[in-house]
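Please read these numbers as outputs of a predicted model, since none were measured by experiment.
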Amino acid sequence: MAVMRLPGPSLRILYAYSGVARPLSTGAGRRLRGRAGPAREARDQEVGMSGRDDTAAALAAAGAYRRLAEQALLDRPLARDEARALLASSDADLPAVLWAAFAARSRHFGRRVKLCVLQNARSGLCPEDCGYCSQSAVSTADIRRYRLLPVADLVAGARRAAATGASRYCMVTSARGPSASDIAHFARAARAIRAELPALELCVSLGIMEEGQARTLGEAGVDFVNHNLNTSRRFYPAICSTHTYDDRMATVRGSSRAGLGACSGVIIGMGETHEDLIDVAGELRALAVTSLPVNFLHPIEGTPLGARPAPGAADCLRALALFRLANPRAEIRAAGGRERALGAAQGLALFAANSIFVEGYLTTPGQRHADARAMIRALGFEVEGEGAPRHGQDCANVM
Ligand code: SF4
């Protein structure tokens, strides 16, 4: 892989703000690795020299949160009191918290940022009552409502996603769960997309799914099934009454047993407590999810949570850091609502997250891919796969 650039502008800002003039020497990095043993050494080789420098420098700048980062680098679960301290930390401590998160992020993902694109394949026709969702049976939100998109439209969406430089394309339906004909439909779409765009990662989010349905989709070329836990078991009944936490856990487990990657995440800012965030971070670790989208409540008028204020930027960044440190090897995606909740600070999400969604969400707009790309470069990160020929084609041909 390409060796990453040494610190870009925002990294320098954080270094300066944290009282760290520049990254530690590679010698310091070697000493750190020496304690970690051969397995860690092998993983370091995947990241590249400046990734190792980043990890060592981040540890040095993590201050009171260094122990959390060290635990994450050893892939050990966070101690609950340390997780509490992180979430309750002051804004003045935010740079140190982000450094701690960046230590784990840089170890496993360097400075790479994966772009993902969502496709709302059936909008606004759900019988469930999730309080945050504009597509639910109880929502009066002014959104587009349409039935299942034809396979040709799903394939066209995949082409558009590839043309933005996205590595992952996720097809989502509003539904309690997929019917047999839905599964056949997405299997046809997956085969067509896989034939044309073999390198594009394919994810589906179709609601409560059985293991056999996931297996069928996997055989057709789907890589991941998404089904978010969204929040803690304790808080879940406050946001949904038509299905249970166990329904969601069963879908994630069944998809894993079927051999697909487990994608499951959260929504920050629905009224949960710090204890709830720590609980769900632990649940996702126990499920061994490899993909963890962190959404930030975008209160939509006409939904039960429409009058809630959007969560604050600093709280969102602390939560992102918690999920990174609790799940250091997972791809953490800064997802829906990040533009609104984080505002001008959204680039700081990249210190914990290694992936973002571009070109909008299911019913709300999002950052355009060109703006995201400019943000990523300006902050000293790099778009995953950028510069190499993508998906076996010239993107100009599909614009
Ligand atoms: S199941 Fe999905 S689409 Fe349906 S209300 Fe809940 S979040 Fe919305």
Distance-only criterion, 3.5 Å: show the donor-acceptor pairs between side-chain atoms of residues 261-270 and protein atoms not counting sequence neighbours.
| from | atom 1 | to | atom 2 | distance (Å) |
| --- | --- | --- | --- | --- |
| S264 | OG | H227 | O | 2.6 |
| S264 | OG | L229 | N | 3.1 |

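- The hydrophobic cluster around Y361 extends to L118, V172, F357, L362, counting ILVMFWY residues whose side-chain heavy atoms fall within less than 4.5 Å of a member.
- For the pair E382 and R111, the salt-bridge criterion is not met [side-chain N within less than 4.0 Å of a carboxylate O].
- Annotation: D246, atom CG; neighbour count of heavy atoms from other residues, nucleotides and ligands within 6.0 Å is above 12.
- With respect to R234 and E272, no salt bridge is recorded, no charged nitrogen being found less than 4.0 Å from a carboxylate O.
- Residues Y132 and N295 have side chains that never bring a donor and an acceptor to within less than 3.5 angstrom of each other.
- F224 and V289 sit in two unconnected hydrophobic clusters of ILVMFWY residues. Membership requires side-chain heavy atoms under 4.5 Å apart, directly or through other members.
- Membership of an apolar cluster is not assigned to V138, as no side-chain contact below 4.5 Å to another ILVMFWY residue is traced.
- Taking the charged nitrogens against the carboxylate oxygens, E201 and K114 do have a contact shorter than 4.0 Å, which makes a salt bridge.
- By the 4.0 Å N-to-carboxylate-O rule, D54 lies too far from R105 to be salt-bridged with it.
- Between D315 and R318, at least one side-chain N (NZ, or NE/NH1/NH2) sits under 4.0 Å from a carboxylate O, which counts as a salt bridge.
- A distance-only check finds no donor-acceptor pair linking the side chain of S241 to the backbone of P237 [under 3.5 Å].
- Checking side-chain atoms of E211 against main-chain N and O of G254 turns up no donor-acceptor pair under 3.5 Å.
- A centroid separation of less than 6.0 Å is found between the aromatic rings of F351 and F381.
- Taken to the nearest 0.5 Å, the OG1 atom of T173 stands 10.0 Å off from the CG atom of L125.
- Partners of F235 under the ring-ring contact (aromatic ring centres under 6.0 Å, His included) rule, at least two apart in sequence or in another chain, do not exist in this structure.
- The distance from atom CZ of R329 to atom OG1 of T290, rounded to the nearest 0.5 Å, is 12.5 Å.
- Between R248 and Y236, the side chains place a donor N or O and an acceptor N or O closer than 3.5 Å (distance only, hydrogens not considered).
- The closest side-chain donor-acceptor pair between Q367 and R338 falls under 3.5 angstrom.
- For the salt bridge (Lys or Arg N to Asp or Glu O under 4.0 Å) with R373, the lone residue among E359, E384, E386 that qualifies is E386.
- Looking at E196, its side chain never comes within 3.5 Å of a backbone N or O of I193 through a donor-acceptor pair.
- Side-chain polar atoms of E128 and T242 form a donor-acceptor pair below 3.5 angstrom.
- Of the N and O atoms on the side chains of S291 and R168, at least one donor lies less than 3.5 Å from an acceptor on the other residue.
- Without hydrogens or angle criteria, T303 side chain to I300 main chain gives a donor-acceptor distance under 3.5 Å.
- For the side chain to side chain contact (heavy atoms under 4.5 Å, CB included) test, residues two or more places apart in sequence or in another chain that qualify with R285 are D75, P77, N327, P328.
- With hydrogens and angles disregarded, no donor-acceptor distance shorter than 3.5 Å links the side chain of H369 to the backbone of V117.
- In terms of modelled atom types and a separation under 3.5 Å, the side chain of S123 and the main chain of N120 share no donor-acceptor contact.
- Side-chain contact of N226 with S205: a donor-acceptor pair under 3.5 Å is present, judged by distance alone.
- Considering only residues two or more places apart in sequence or on other chains, E219 meets the side chain to side chain contact (heavy atoms under 4.5 Å, CB included) condition with R215.
- In summary, the side chains of T363 and S134 do present a donor paired with an acceptor at a separation below 3.5 Å, with no hydrogens or angles considered.
- A salt bridge does not link R160 to D153: none of the charged nitrogens lies less than 4.0 Å from a carboxylate oxygen.
- Ion pairing of R80 with E275 is present here, as a side-chain N (NZ or NE/NH1/NH2) and a carboxylate O approach within less than 4.0 Å.
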